[in-house]
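Here is the structure we will look at, set down as structure tokens.
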Amino acid sequence: MVKRAGQGPPARRAETTRGAPPRSRFTTAVRSARLWLQELGGYTIALLTVAVAVVAAVAVTGYFLSRAETGRRPPDTGARSSEDVDACLLTGEDGITAGTTAAQVWQGMRDASLRTHARVSHVPVTGEQSPAGARRSLDGLLRRSCDVVLAAGTLEVQAAERAAPLHRTVDFVLVGDGDGDGDGGNGSRGTGSARPAGSGGNSGNITFARPGDGLRAEVAGAVERRIAARG
């Protein structure tokens with residue numbers, strides 16, 4: 001009689017199968033990963049190792065750079081940056097033609113912009129040169145959310161001085177003597193310093209700058225003070 005190896009009583013084999021410990025999912029995953037790595041070549045494994053190392057290095061470097069940048073960033077005090085401030089000039093129909101008072105005002109505004117980084121722009125009164133026309137042009141500037149409004153010219157100064165009490169959040173710098181008599185935008189008379197807001201019974205948000213040789217510097221200083229006060 002030939003006895004076949006590996007065969008045993010059926011009851012014994014069933015008992016052995018029932019007694020074997022079950023495979024855990026973790027063990028199965030580890031064995032699968034091992035088989036996968038064995039199928040890959042050594043060169044491929046080396047590339048994967050280098051890629052993982054590079055990714056880890058980039059992540060660590062980015063983390064420390066962000067921490068360093070956060071440490072250098074000044075605290076946010078909630079103050080508005082001067083770069084977000086708009087200063088707008090309203091002139092007569094001649095605009096900022098060379099030799100006019102409006103041209104000096106514009107130069108002063110640009111000087112202030114260089115030091116504060118505020119945005120500056122100028123708009124002439126077009127069409128009808130009248131109080132109504134000046135008011136329409138001024139209303140356009142106010143709708144554009146100009147923070148500091150400058151006016152050069154009799155009609156323009158009159159319109160701005162009347163509008164100032166109605167727009168308390170806007171600062172006005174008016175070229176004239178404070179009596180609604182701007183020089184028309186092309187004259188040059190006398191010298192003098194800017195008269196601060198609150199003087200002469202104005203609404204408190206007006207500064208008057210008198211035309212003259214020092215007008216450019218006076219306008220620059222007045223605009224800078226207004227911008228600083230808004231911060």
Side-chain angles (χ1 to χ4, degrees), residues 85-113 116 118-227:
V85 176
D86 289 280
C88 311
L89 170 62
L90 181 65
T91 73
E93 60 183 344
D94 292 335
I96 55 172
T97 303
T100 63
T101 297
Q104 297 181 56
V105 175
W106 177 243
Q107 291 171 344
M109 292 174 63
R110 295 188 63 183
D111 293 342
S113 177
T116 65
R119 294 183 293 265
V120 294
S121 61
H122 61 90
V123 172
V125 175
T126 57
E128 180 185 5
Q129 300 296 303
S130 65
R135 284 195 301 271
R136 283 194 296 270
S137 297
L138 177 61
D139 288 342
L141 292 182
L142 295 173
R143 284 195 298 269
R144 283 171 44 188
S145 300
C146 292
D147 303 287
V148 182
V149 172
L150 296 93
T154 301
L155 298 176
E156 293 72 32
V157 169
Q158 290 174 352
E161 192 166 8
R162 290 190 179 99
L166 304 177
H167 301 274
R168 299 278 184 169
T169 60
V170 178
D171 292 310
F172 291 82
V173 179
L174 311 182
V175 180
D177 291 328
D179 300 321
D181 60 346
D183 68 344
N186 55 9
S188 179
R189 55 184 174 81
T191 59
S193 300
R195 187 152 54 88
S199 62
N202 69 48
S203 61
N205 56 339
I206 299 177
T207 295
F208 289 103
R210 295 182 179 180
D213 294 337
L215 179 59
R216 176 176 178 173
E218 292 293 344
V219 168
V223 172
E224 289 178 37
R225 287 191 295 273
R226 289 296 189 177
I227 292 175

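What you see is a predicted model, and the numbers here were worked out from it, not measured in a lab. Side-chain atoms are counted along with the backbone in the values below, which use heavy atoms only and exclude waters and symmetry mates.
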Sub-3.5 Å donor-acceptor pair from the side chain of [X] to the main-chain atoms of [Y], do we have one?
X: D86; Y: D147; answer: no
X: R226; Y: I206; answer: yes
X: N205; Y: A164; answer: yes

pair [X]-[Y]: side-chain heavy atoms closer than 4.5 Å:
X: T116; Y: V85; result: no
X: V219; Y: M109; result: yes
X: L89; Y: V120; result: no

Let me confirm one number: the [atom1]-[atom2] distance from [X] to [Y], rounded to the nearest 0.5 Å.
X: L90; Y: S137; atom1: CG; atom2: OG; value: 6.0 Å
X: R135; Y: S130; atom1: CZ; atom2: OG; value: 7.5 Å
X: R110; Y: H122; atom1: CZ; atom2: NE2; value: 9.0 Å
X: L150; Y: L141; atom1: CG; atom2: CG; value: 10.0 Å
X: R143; Y: L138; atom1: CZ; atom2: CG; value: 9.5 Å

For a quick test of reading the model, state the closest non-hydrogen atom pair linking [X] to [Y] and the distance between them.
X: V125; Y: Q129; value: O-NE2, 2.7 Å
X: D111; Y: A220; value: CB-CB, 4.1 Å
X: L215; Y: R210; value: CD1-O, 3.6 Å
X: P211; Y: V175; value: CG-CG1, 3.7 Å
X: T100; Y: G95; value: OG1-O, 4.1 Å
X: A103; Y: A98; value: CB-CA, 4.3 Å

With sequence neighbours excluded, residues passing side-chain hydrogen bond (donor to acceptor under 3.5 Å, both in side chains) with T97: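 T97 satisfies side-chain hydrogen bond (donor to acceptor under 3.5 Å, both in side chains) with no residue once adjacent residues are dropped.
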
E93: salt bridge (Lys or Arg N to Asp or Glu O under 4.0 Å) partners, not counting sequence neighbours: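 Result, salt bridge (Lys or Arg N to Asp or Glu O under 4.0 Å) vs E93: none returned.
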
Verdict with reasoning, D171 to T207, per side-chain contact (heavy atoms from CB on, under 4.5 Å): CA-CA 8 Å; D171 292 310; T207 295; over 6 Å; no

